[in-house]
Amino acid sequence: MANASSNAVKSAKRIVVKIGSALLVDPNTGVKQEWLDSLVADVATLHGNGAQILLVSSGAIAMGRNLLKLPRRALKLDENQAAAAVGQIELGRAWSQSLAKHNLVPGQILLTLHDTEGQTGRRSYLNARDTIERLLSVNAIPVINENDTIATSEIRYGDNDRLAARVATMMQADLLILLSDIDGLYTAPPVQDRNALLIPCVEKITPKIEAMAGSAGSELSRGGMVTKIEAGKIATRAGAAMIIASGKRNHPIASIIEGDPCTYFATQLNQSTARKVWIDGQLETSGAITVDEGAARALMRGKSLLPAGVTNVSGIFSRGDAVAIHALSGPLIGRGLIAYSSDEAAKILGAQSDKLEELLGYPGRPTLIHRDDMALISKENLP
Ligand code: GLU
């Protein structure tokens, strides 16, 4: 039966799939191989149909504590970090072997939440995004986890829901699928209310919807519905739809397509509008660049800004900072996240793309500000 979730999976071009530890790892026997292979078969089908798939996989700590035979009690932070270090290798191997059966190659990305947060870690944000983008362009499957071994805050079960939402935002995915041990959002937490009903479609995450997830702060809600709804807020506000679906069956993504019960969270915005709203909200610019008339016209036609079109650079900024973009005659025409520091930008100002390596001393990136990283003000400000 066709429904919103089924249609969303079928039509999405870029999908982030988050896999929870309990689905992938059995506390006694390790990787749940049959389940993993069935999920990977679904991933291979979507990939074969032209979609780009990014996997956010938990399970490092669960695998590591198995391998290290750590006690069954709650682990301390450093024990968790050691378990993650051991388990992450095993986790990568499990994905790599399963994907290889379909001639697919994974690329491992370990992130901290900070790396995915444009506002505070813009440099690592751009680096992470560019690497993941490159992996996708060479047909690899990014397998992403939090870098638990260096994470400075407590590792919390459920963080990967948020990480997956941030990855979906950062990569402008159209869809985020959270595979979980529950098949969707219910009118009340089913453990508390036996009559609770599954909600197939959420148009907007309102306080009423949040209340259905149960109270935050309780031990049970961690990694439970509350963090999933939080993830939903991040994703849907940034232009990605989200599905919460059960991963407790084999072929969990094919099951969504076939119409098995799950919850679809709609987004009101498309990703590129959402991103531009975000960039436009970055009031703090660290510098400014001036562009010539030809470049200003090219930007208005939706092109990226190349060094050749820049006539002046001012201020001190790092790669990834927000800068103001001015027309030659003066007016502000937009803002963007710049791919070069102020020193580098000054060196390549006005330069043709084939001269960048000579001027920088290393092969640079062709764009100074990528069109996806730019918010323009209005056509009236054109010179
Ligand atoms: N990053 C953790 C792990 O791989 C899991 C965190 C989570 O599931 O939210 O073990």
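Just so you know, ligand 1 is whichever comes first in the structure, and atom 1 is the first atom listed for that ligand.
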| message | Could you check whether any side-chain N or O of T367 sits under 3.5 Å from a backbone N or O of I369, counting only pairs where one atom can act as donor and the other as acceptor? | response |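 No: the side chain of T367 does not pair with the backbone of I369.
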| task | Classify the contact between D148 and ligand 1 as side chain, backbone, both or neither, using a heavy-atom distance cut-off of under 4.0 Å. | result |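 Side chain only; the backbone of D148 stays clear of ligand 1.
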| note | The answer for which part of N160 has a heavy atom under 4.0 Å from ligand 1 is both
| Charged N-O contact under 4.0 Å between E210 and K233 | yes
| said: Please list, in number order, the atoms of ligand 1 under 4.0 Å from a heavy atom of I61. | reply: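 Going through ligand 1 atom by atom, the ones under 4.0 Å from I61 are 3 (C), 10 (O).
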| Enumerated ligand 1 atoms positioned under 4.0 Å from heavy atoms of N145 |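 Counting atoms of ligand 1 from 1, those under 4.0 Å from N145 are 1 (N), 3 (C), 4 (O).
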| Any idea which heavy atoms bring M374 and L305 closest together, and the distance? |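 Of all heavy-atom pairs spanning M374 and L305, the closest is CE-N, 3.9 Å.
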| Do you know which two heavy atoms are closest between S246 and P252, and how far apart they sit? |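 That closest heavy-atom pairing would be O-CB, 3.8 Å.
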| request: Examine S58 against ligand 1 and note whether any of their N/O atoms are separated by less than 3.5 Å. | output: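 Yes, there is a polar N/O contact under 3.5 Å.
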| request: Would you indicate whether the side-chain heavy atoms of Q81 and N147 approach each other to under 4.5 Å? | output: no
| said: Would G59 count as a contact residue for ligand 1, given that I'm defining contact as a non-hydrogen atom of the residue lying under 4.0 Å from a ligand atom? | reply: yes
